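Here the structure is laid out as C-alpha cells; the discussion comes afterwards.
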Amino acid sequence: MKFGVYAYTGSMSNLNTAQARLARARRVAVLTGAGISQPSGIPTFRDAAGLWKDFDLEEYATPSAYARNPKKVWEWYAWRYQNVMQAQPNRAHVLLAVLEQRVGEGFFLATQNVDSLHSRAGSIRLVELHGNIARGRCERCGERFPLPDPTQFVPPPYCPGCGARGRPDVVWFGELLPPGAYEQAERAFTQAEVALVVGTSAEVEPAASLGRLASLNGAYLIEINPNPTPLSSWADCSLRMGAVEGMEALMGGSD
Ligand code: APR
C-alpha cells in the first residue's frame with residue numbers, strides 16, 4: 001500500500017508532483033461524487049448535513065421502497081430534480097471540462113452524481129454511473145425519456161413510447177449500473193496514468209474501487225476531499241480541501 005499525505009499544508013512537493021503528473025498525462029481518469037456539487041448548493045449524502053441524515057435511504061432509494069410507495073419516492077425525486085435544475089456548475093466542474101479539452105481522447109470522467117452538472121459545464125467523455133435525475137425510465141418497455149420542465153413536472157411521468165408509468169432513471173441500492181457504464185470506467189481507470197478522485201466518500205461499490213484499481217495498475221492517484229476516506233491511504237497526493245480549492249490548486253490559473 002502506498003502512503004498518502006493527509007494534509008496538503010506543508011507538503012508542497014506533493015502538490016508540485018501532482019500538478020506536473022497531471023500536466024503531462026495523456027490518459028487521465030476522474031471519479032466524482034456528491035462533494036463536487038456541494039459548492040453548487042446540492043447536499044451530499046453522508047456528511048453531517050447529508051440527505052441520509054434526514055431521509056432513510058431504505059424508504060427512498062431502493063426498488064422495494066418504490067414498490068411499496070411510488071408516490072412518496074417520486075415526490076422526493078421531483079423535489080431533488082427541482083433543486084438540481086436550479087443549481088449551476090461550479091469552478092470545479094468547469095476545470096474538469098477544461099482538463100478534458102487539454103487531454104482530449106485519453107480523458108474519461110465517471111460520476112456518481114445524477115445532477116447533470118458535469119455535462120452542463122461542458123464535459124463530454126462522461127459516464128453517469130448512477131443515472132440522471134432529469135430522466136424517467138419506462139417501467140414496461142425500459143425507454144429512457146427526459147422529464148418535463150421541473151416547474152411543470154407533476155409525478156409520475158408516463159412513457160412517451162408506450163404510455164406506461166416511468167420510474168426515476170437513477171440507480172437504487174441493490175440495482176445494477178447502466179449496461180456498460182462500469183466496464184467503460186474500469187477500462188479508463190486501469191489504463192490511466194493519473195487518476196483523480198474528487199468529493200466521494202468512497203463507500204459505495206463498485207465506484208469506490210476505481211481509484212484503487214488505477215493505483216494498483218500504476219497510476220498516480222490524487223484525491224480531493226476535505227475529509228479522509230478509505231481511499232486516502234492509497235493516494236499519492238491527498239488534497240484535504242474542497243473541490244473548487246483542490247481543482248484550482250492542481251490546475252492553477254488554467255482556462
Ligand atoms: N468538496 C469536495 N468534497 C466534499 C465537499 C466539497 N466541498 N463537501 C463534502 N465533500 C466530501 C465529503 O467529505 C464526503 O467524503 O464529499 C463526500 C460525499 O460523500 P457521500 O455523501 O457519501 O457522496 P458519494 O460518495 O457521492 O455517494 C455515493 O451513494 O447515496 C449514494 O447514490 C448515492 O451516488 C451516491 C453514492
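One is the number of the first residue; the rest follow in order along the sequence. Just so it is clear, the model here is predicted, and its values are computed rather than measured. Atoms within each ligand, like the ligands themselves, are counted from 1 in listed order.
Not a single side chain to side chain contact (heavy atoms under 4.5 Å, CB included) links Q101 to another residue, sequence neighbours left out. Listed by chain and number, the residues in a side chain to side chain contact (heavy atoms under 4.5 Å, CB included) with K53 amount to none (sequence neighbours excluded).
Heavy atoms of G50 come nearer than 4.0 angstrom to ligand 1 in no pair at all.
Against a heavy-atom cut-off of under 4.0 Å, F173 is close to the following atoms of ligand 1: 30 (O), 31 (C). The contact set between ligand 1 and V204, taken as ligand atoms under 4.0 Å from a residue heavy atom, comprises 28 (C), 29 (O), 36 (C). Near G199, meaning under 4.0 Å from any of its heavy atoms, are these atoms of ligand 1: 2 (C), 3 (N), 16 (O), 17 (C), 18 (C).
Protein heavy atom nearest atom 25 (O) of ligand 1, with residue, atom name and distance: T200 OG1, 2.6 Å. Taking atom 30 (O) of ligand 1 as the reference point, the nearest protein heavy-atom neighbour is W52 NE1, 2.8 Å.
Considering backbone and side-chain N/O of I36, none are found under 3.5 Å from N/O of ligand 1. Polar contact with ligand 1: absent for M241 (N/O pair, distance under 3.5 Å). Backbone and side-chain nitrogen or oxygen atoms of A202 are examined, and none is located within less than 3.5 angstrom of a nitrogen or oxygen of ligand 1. Between F45 and ligand 1, an N or O atom pair is found at a separation short of 3.5 Å.
Taking the ring axis of W172 as reference, the NZ or CZ atom of R167 stays within 45° of it and closer than 6.0 Å to the ring centre.
Of the heavy atoms in Q38, only side-chain atoms (C-beta onward) come closer than 4.0 Å to ligand 1. Looking at R46 against ligand 1, both its backbone and its side chain come within 4.0 Å, counting heavy atoms.
Remark: the backbone N or O of A49 is not paired with any side-chain donor or acceptor of D47 at under 3.5 angstrom.
Aromatic ring centroids of F153 and W79 lie 6.0 Å or more apart.
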